[in-house]
Amino acid sequence: MAEQSKKKKTQIAILGWGSLIWDVRPEFDNYHDEWLPDGPVLPLEFSRISESRKGALTLVIDPQNGAPCTSAYALSTRSNPDDAIADLRCREGTIMRRIGFYFRDGSRRCEPPVPDTIAPWADAKGYDVVVWTGLPSNFRDEADKAFSVAEAISHLQALTAEGKGIAAAYVWGAPDLVQTPLRTVLQIAPWFPAPAIPDDAAEADAEPPTAPPA
């Protein structure tokens with residue numbers, strides 16, 4: 001009797017470092033496992049001006065200005081890499097050429113540059129495909145100035161009250177793994193406080209009252 005060989009499921013890792021982790025979107029989150037804190041080290045900085053977030057600065061891979069940060073990752077539940085890539089593209093609301101991917105067998109290449117740390121990380125973990133958001137920094141194009149911590153602060157201070165609130169929620173919501181020069185300055189700035197915790201969330205976190213003695 002001929003032995004039937006089972007094809008091993010393709011292991012697909014999705015990298016995250018910003019809102020992918022904390023901004024819940026069921027249409028994306030239903031197709032990946034939990035986020036794990038030992039992804040590859042990537043050069044990250046809040047150096048992309050987001051139109052959809054009212055001018056807030058979002059985290060991107062930035063080889064020029066980024067600080068080395070350990071990223072997070074989650075395993076996709078998809079078996080077809082094209083589905084995992086499409087999931088991330090739809091979640092980010094971007095075009096396909098802005099999605100980075102690495103195939104360990106070398107069968108496909110993406111348009112965004114592949115950071116040097118991804119291939120050895122995938123090899124060590126045994127993952128077949130790695131997928132990430134390949135949006136670049138656009139600070140110079142949008143602000144007409146080279147990115148720096150000082151220029152980034154000036155940009156944030158010029159936002160509307162709504163824009164500042166969205167920017168603060170994004171920076172404070174980033175995982176602790178991500179520590180960049182801009183975040184370090186912003187989180188001690190009195191004009192950039194952490195968003196208030198809603199009353200119901202605060203009550204849920206509080207310890208239950210102690211029952212009076214009988």
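Just so it is clear, the structure is predicted and the values come from calculations on it, not from any experiment. In this chain, residues are counted from 1 in sequence order.
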Is it the case that the side chain of [X] and the backbone of [Y] share a donor-acceptor pair, with hydrogens and angles ignored and the cut-off at 3.5 Å?
{"X": "K125", "Y": "G39", "result": "no"}
{"X": "R183", "Y": "A174", "result": "yes"}
{"X": "D128", "Y": "Q11", "result": "yes"}
{"X": "K164", "Y": "Q157", "result": "yes"}
{"X": "W132", "Y": "V114", "result": "no"}
{"X": "R53", "Y": "A167", "result": "no"}
{"X": "R89", "Y": "T94", "result": "yes"}
{"X": "W17", "Y": "L59", "result": "yes"}

Is it true that the side chains of N65 and S47 contain a donor and an acceptor less than 3.5 Å apart?
no

Close side-chain approach of [X] and [Y], heavy atoms under 4.5 Å:
{"X": "I61", "Y": "P115", "answer": "yes"}
{"X": "P136", "Y": "R48", "answer": "yes"}
{"X": "L156", "Y": "F46", "answer": "no"}
{"X": "V185", "Y": "F192", "answer": "no"}
{"X": "L75", "Y": "I12", "answer": "no"}
{"X": "K54", "Y": "L159", "answer": "no"}
{"X": "T180", "Y": "C69", "answer": "yes"}

Decide whether [X] and [Y] are clustered together by the hydrophobic rule: side chain heavy atoms of Ile, Leu, Val, Met, Phe, Trp, Tyr closer than 4.5 Å, transitively.
{"X": "L182", "Y": "Y170", "value": "yes"}
{"X": "L57", "Y": "I153", "value": "yes"}
{"X": "L44", "Y": "F139", "value": "yes"}

Please round to the nearest 0.5 Å and tell me the distance separating atom [atom1] of [X] and atom [atom2] of [Y].
{"X": "D83", "Y": "L88", "atom1": "CG", "atom2": "CG", "result": "13.0 Å"}
{"X": "L20", "Y": "I14", "atom1": "CG", "atom2": "CD1", "result": "8.0 Å"}
{"X": "Y102", "Y": "R108", "atom1": "OH", "atom2": "CZ", "result": "14.5 Å"}
{"X": "I85", "Y": "C110", "atom1": "CD1", "atom2": "SG", "result": "8.5 Å"}
{"X": "T58", "Y": "I166", "atom1": "OG1", "atom2": "CD1", "result": "12.0 Å"}
{"X": "W35", "Y": "S71", "atom1": "CH2", "atom2": "OG", "result": "9.0 Å"}

What's the verdict on side chain to side chain contact (heavy atoms under 4.5 Å, CB included) for D141 and I49, showing C-alpha distance, side-chain angles and the deciding distance?
CA-CA 9 Å; D141 292 338; I49 297 174; over 6 Å; no

Looking only at heavy atoms, which two atoms of [X] and [Y] are closest? And how far apart?
{"X": "P43", "Y": "P63", "answer": "CG-CA, 4.1 Å"}
{"X": "V41", "Y": "P68", "answer": "CG1-CB, 3.8 Å"}
{"X": "P181", "Y": "A67", "answer": "CD-CB, 3.8 Å"}
{"X": "V129", "Y": "V131", "answer": "CG1-CG2, 4.0 Å"}
{"X": "G18", "Y": "W22", "answer": "O-CD1, 3.3 Å"}
{"X": "A84", "Y": "S76", "answer": "CB-OG, 3.7 Å"}

Tell me if the [atom1] atom of [X] is crowded by more than 12 foreign heavy atoms within 6.0 Å.
{"X": "D123", "atom1": "CG", "result": "yes"}
{"X": "E34", "atom1": "CD", "result": "no"}
{"X": "D176", "atom1": "CG", "result": "no"}
{"X": "D82", "atom1": "CG", "result": "yes"}
{"X": "Q187", "atom1": "CD", "result": "yes"}

Between Y127 and Y73, how do the two ring planes meet: parallel, tilted or perpendicular, split at 30° and 60°?
tilted

Fit a plane to each ring of F28 and H32, take the angle between them on a 0 to 90° scale, and name the class: parallel (under 30°), tilted (30 to 60°) or perpendicular (over 60°).
tilted

Run the side chain to side chain contact (heavy atoms under 4.5 Å, CB included) test on R78 and N80 for me, step by step, so that the C-alpha distance in whole Å, both residues' side-chain angles and the decisive distance to 0.1 Å come before the verdict.
CA-CA 6 Å; R78 303 287 199 177; N80 186 334; 5.6 Å; no

